[in-house]
*Asks:* 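One structure, as structure tokens, below. Some questions next.
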Amino acid sequence: MNILILGGGGREHSLAWAVMQNPKCDRLIVAPGNAGIAEIADCATLDILDPGAVVVFAEENAIDFAIVGPEAPLAAGVGDRLRAAGIAVFGPSAAAAELEASKTFTKEICDACGAPTARWARFDEAAAAHAHIRAQGAPIVVKADGLAAGKGVTVAEDVDSACAAVDAALDAPGAAVVIEEFMAGEEASFFVLCDGEEVLPIGTAQDHKRVGEGDTGPNTGGMGAYSPAPVLTDAVAEAALDEIVRPVLAEMARRGTPYSGVLYAGLMIEAGRPRLVEFNVRFGDPECQALMMRLGAQALDLMHACAEGRLGEMRVNWADDHAMCVVLAAEGYPGAYAKGTVIGGLDTLPETSFEMMFHAGTACVSGRWTAAGGRVLNATGRGATLAEARDRAYALAEAVDWPEGRYRRDIGWRALGDD
Ligand code: AMP
Ligand code: GLY
């Protein structure tokens, strides 16, 4: 099978790494890829937001199966166009990708099928939003509507900062905000594959969104993750499937936009009950790195069966294992940071099914590695226990010589306690 992966971050490096272990993969191209991915697969320059260009590229390269990493190409209709050209695609249609792109759409779907989530209201006018906030009180959550990559959310501790967040969000023409009830509890991520009909859970994870230790400082794309997430017990997962995932998928099918691909449900769990925070229509980054480390070569079979509507035949072959991914970021991230700083020690790291350094934003010129982004490296470890996975991930992180790099030392603190 000739496979194309779209994307170029640590998520896509881990997808490429898993795909390459499967003998069914004859050739792998990653577009655009990155310098780390280029060590294990062909990388190609391609505008992955241009559906026509992606189809031409896929046909020229006799691609049988395309795996879409980020949400933007899905929202742009790349998956639809590839499917129309007869190529199997892992990733939803643009219509189904609305589950991530539009908070309002997702809330309406939840209301239509009774899936538990925070109460909400949408405003495009500041005075009405302020009045609603004053009536509800704080804490309260303000979300810019539309694709904001997780950065358009303010969890406001008081009414004034909630109103200020509304003003900032409504600054642009045509902007709207969703104001939500604050949900207390512990967050965890639940990943399921869907082929339009069948649903197959493929793992749980917990991300660390804040930049600083002890979950302090500004939000980021994610500073580390581990899988499985102990708070997402089998009972909570069953409840999430029965009360959230299956009703939402049935509602999507009923509307004529069945969902196919990975559905990533961000859950808030309180007293053993899950409520939906948000959906993403792709793997999380860095959650994917931990999941791929655990799934290995079978990830390709699962994604391909998902794309071909054969999920009903599939089982996940679980090892009783744990994985952790620690993100190495450039100093200053998520604010301003320098690019081009030199990273040493990368060429002598162990690369096994228990430890992998995935690259998120590196460049390599004449054998010299440099930082080329905010989140730069993903030290990922696997083991029989979470502590073992953590020790392997941190051993990799410590073996890197990058004075301008930073990482949190406390990834997994919730699950590990004082261990
Ligand atoms: P979202 O982009 O919707 O995932 O929101 C980003 C983050 O804000 C989530 O991961 C939560 O930590 C937090 N958040 C969002 N909505 C709520 C809510 N209704 N109650 C509490 N926290 C929330
Ligand atoms: N790590 C969170 C995300 O990928 O959205």
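One-based numbering, in listed order, for ligands and for the atoms of each. Because the structure is a prediction, the values reported are computed rather than measured. Numbers here are sequence positions counted from 1. The figures that follow rest on heavy atoms only: side chains count, while hydrogens, waters and symmetry mates do not.
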*Asks:* Looking at H130 versus F123, is the centre-to-centre ring distance below 6.0 Å?
*Replies:* no
*Asks:* Any nitrogen or oxygen of M183 lying under 3.5 Å from a nitrogen or oxygen in ligand 1? Just yes or no.
*Replies:* yes
*Asks:* Do the numbers put R392 on top of the ring of Y394, so that NZ or CZ is under 6.0 Å from the six-membered ring centre and no more than 45° off the axis?
*Replies:* no
*Asks:* Near A118, which atoms of ligand 1 are under 4.0 Å from a heavy atom of that residue?
*Replies:* 19 (N)
*Asks:* When you check the gap from the basic side-chain N to the acidic O, do E243 and R275 get nearer than 4.0 Å?
*Replies:* no
*Asks:* Please assess E108 against R122 for the test salt bridge (Lys or Arg N to Asp or Glu O under 4.0 Å), listing each intermediate value before the final yes or no.
*Replies:* CA-CA 11 Å; E108 282 166 0; R122 182 176 190 271; over 6 Å; no
*Asks:* Counting from 1, what ligand 1 atoms have a heavy atom of E181 closer than 4.0 Å?
*Replies:* 18 (C), 19 (N), 20 (N)
*Asks:* For R406, is there an ion pair with E331 - N to carboxylate O distance below 4.0 angstrom?
*Replies:* yes
*Asks:* Checking the side chain of R382 only, and the main-chain atoms of E355 only, is there a donor and an acceptor separated by less than 3.5 Å?
*Replies:* no
*Asks:* Which pair of heavy atoms, one from T204 and one from L291, lies closest together, and at what distance?
*Replies:* O-CD2, 4.2 Å
*Asks:* So, are K107 and D111 salt-bridged, with charged N and O less than 4.0 Å apart?
*Replies:* no
*Asks:* With heavy atoms of K209 as the reference, note each atom of ligand 1 found under 4.0 Å away.
*Replies:* 10 (O)
*Asks:* Less than 4.0 Å between a side-chain N and a carboxylate O, is that true for R310 and D195?
*Replies:* no
*Asks:* Parallel under 30°, tilted from 30 to 60°, perpendicular over 60°: which one fits the rings of Y264 and F191?
*Replies:* tilted
*Asks:* For ligand 1, which atoms have a heavy atom of V277 less than 4.0 angstrom away?
*Replies:* 4 (O), 9 (C), 15 (C), 16 (N)
*Asks:* For atom 15 (C) of ligand 1, which candidate among E278, K143, E100, E180 provides the closest heavy atom?
*Replies:* K143
*Asks:* Go through ligand 1 atom by atom and flag the ones less than 4.0 Å from a non-hydrogen atom of K103.
*Replies:* 1 (P), 2 (O), 3 (O)
*Asks:* Only heavy atoms count here, so choose which of T154, V141, V178, L267 is nearest to atom 23 (C) of ligand 1.
*Replies:* V141
*Asks:* Which parts of the protein, at residue level, reach under 4.0 Å of ligand 2 through a heavy atom?
*Replies:* D207, G221, Y264, R282, G284, D285, P286, E287
